[in-house]
Number of protein chains: 2
Amino acid sequence: MGRWEPNGRGRLAQAALDLYVERGFDQTTVAEIAERAGLTERTFFRHFADKREVLFDGSSLLQQSMVDAVAAAPASASPMEAAAAALEPMGELFDQRRDFARRRHSVISVNPELKERELIKLATLTEAIAATLHERGVAEPAASLAAQATIGVFHVTFQRWVAPGETRELGELMRESLAELKAVVR
Amino acid sequence: MGRWEPNGRGRLAQAALDLYVERGFDQTTVAEIAERAGLTERTFFRHFADKREVLFDGSSLLQQSMVDAVAAAPASASPMEAAAAALEPMGELFDQRRDFARRRHSVISVNPELKERELIKLATLTEAIAATLHERGVAEPAASLAAQATIGVFHVTFQRWVAPGETRELGELMRESLAELKAVVR
């Protein structure tokens with residue numbers, strides 16, 4: 001088998017998620033994922049550190065999108081407006097991948113180890129947004145509070161978006177949750 | 001050595017924290033903790049599941065205090081007022097233990113495994129507050145957003161309270177952070 005496989009990464013991710021949904025995360029081996037994708041274990045490990053990282057493959061891209069959006073907010077934006085700018089690219093990132101996100105969520109939500117990994121991801125995103133707000137000159141505790149509020153909205157809204165039967169797009173739900181947060185905190 | 005030891009639990013917790021600060025968490029064994037406390041390993045395991053749980057011993061009490069306060073908020077309280085009632089008993093719980101809290105924080109903040117455990121604790125507290133708000137008739141997403149905002153304030157404020165040189169009491173800082181959150185989100 002050659003070193004280069006067309007879309008090996010995508011095929012491996014799809015095969016992994018299929019198996020996690022069918023058998024459960026803990027019951028799936030890397031050998032089985034590679035076999036399902038028609039690739040080798042070696043190819044798997046060229047793309048992913050372990051079978052858990054398949055589910056968190058987009059974390060860096062997500063963080064970069066959020067940070068870029070916060071940094072690009074107008075100079076006149078309030079701390080919360082700048083923080084909440086992190087939510088604007090979310091629809092573009094996720095709306096085409098709702099089925100994948102739903103299946104991923106169904107795997108993570110029943111596995112404590114994966115839920116922990118998801119919490120770490122959210123904490124890392126919060127810190128990244130707070131750091132970007134600091135660079136914009138926002139002081140503490142405003143920066144951390146705005147970052148926490150933003151990731152709180154992201155987390156709650158993402159769960160709404162993947163819920164069975166929900167058909168509205170992520171961007172619309174984000175805006176609604178943000179308005180609801182303002183109403184709740186007022 | 002008899003089965004009953006005066007304040008064995010407290011002596012073990014103190015010895016454990018002393019050793020974690022002196023040597024680091026990973027470099028400390030249960031045998032060393034027991035020896036420092038003048039007790040046996042068997043006594044340690046009668047009180048704690050493992051050396052990590054010494055640092056999270058108060059989690060159930062903390063959660064119960066928060067949930068009780070949310071449940072006891074006046075019927076007229078808004079969702080956020082009810083959620084934020086969870087913060088009111090915090091001063092009473094923690095202000096006498098600031099030195100312990102500072103040393104505990106110094107141990108946790110340099111250890112990824114312990115930071116994860118702390119994140120899980122915060123997520124569990126968030127879910128418990130949201131569940132108590134549901135019992136009060138608060139709908140989604142307001143309940144989850146109010147719970148997230150409250151634990152966000154708790155987390156940010158606790159870090160301020162244990163910061164070197166900070167002398168104000170936890171209750172005062174909680175009220176200040178809550179006001180700051182309202183100002184930020186508005």
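Hydrogens, waters and symmetry mates are skipped; everything else that's a heavy atom, side chains included, is used. To find a chain, count down the sequence lines: A is the first, B the second, and so on, and within it residues start at 1. Nothing here was measured: the structure is a model prediction, and the numbers come from that model.
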Legend entry - Expected output: side-chain A:Glu166 to main-chain A:Arg168 donor-acceptor under 3.5 Å: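 Yes, the answer is positive, given that a donor and an acceptor are paired below the 3.5 Å cut-off.
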Inset, instruction - May I ask you to say whether A:Arg117 pairs ionically with B:Glu116, meaning some side-chain N is under 4.0 Å from a carboxylate O? - result: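 No, this pair does not count.
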Legend entry - Trace of the side-chain contact (heavy atoms from CB on, under 4.5 Å) decision for B:Met174 with B:Leu170: CA-CA 6 Å; B:Met174 287 285 178; B:Leu170 188 56; 3.7 Å; yes
Inset, instruction - Drop me the distance from B:Phe154's CZ to B:Leu125's CG, to the nearest 0.5 angstrom. - result: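 Rounded to the nearest 0.5 Å, the CZ-CG separation comes to 6.5 Å.
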Inset, instruction - Could you tell me whether the side chain of B:Asp18 reaches within less than 4.5 Å of the side chain of B:Gln14, counting heavy atoms only? - result: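 Yes, their side chains come closer than 4.5 Å.
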Legend entry - Min side-chain heavy-atom separation B:Thr43-B:His47 under 4.5 Å: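 The answer is yes, as the side chains (C-beta and beyond) meet within the 4.5 Å cut-off.
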Inset, instruction - Determine, step by step, whether A:Arg23 and A:Glu32 satisfy the salt bridge (Lys or Arg N to Asp or Glu O under 4.0 Å) criterion, reporting the C-alpha distance in whole Å, the side-chain angles of both residues, the deciding distance to 0.1 Å, and the verdict. - result: CA-CA 11 Å; A:Arg23 306 180 184 180; A:Glu32 290 166 339; 3.1 Å; yes
Legend entry - Chi angles and distances behind the side-chain contact (heavy atoms from CB on, under 4.5 Å) call for B:Phe25, B:Leu19: CA-CA 8 Å; B:Phe25 177 79; B:Leu19 288 165; over 6 Å; no
Legend entry - Close approach to chain B in residues 73-107 of chain A, criterion heavy atom under 4.5 Å: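 So far as heavy atoms go, A:Met80 are the residues that approach chain B to under 4.5 Å.
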Legend entry - Toward chain B: residues of residues 48-72 of chain A with heavy atoms under 4.5 Å: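 Those residues of residues 48-72 of chain A which would need a heavy atom under 4.5 Å from chain B do not exist here.
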Inset, instruction - Using a cut-off of under 4.5 Å on heavy-atom pairs, state which of B:Ala142, B:Ala123, B:Ser144 scores highest against chain A. - result: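 Counting heavy-atom pairs under 4.5 Å, the top option is B:Ala142.
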Inset, instruction - I would like to know whether A:Arg160 and A:Glu176 meet side-chain contact (heavy atoms from CB on, under 4.5 Å); could you show each step before the answer? - result: CA-CA 11 Å; A:Arg160 295 174 69 194; A:Glu176 186 182 282; 2.5 Å; yes
Inset, instruction - Using only heavy-atom distances, determine whether the side chains of A:Glu118 and A:His155 contain a donor-acceptor pair under 3.5 Å. - result: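 The criterion, which ignores hydrogens and geometry beyond distance, is not satisfied for A:His155 and A:Glu118.
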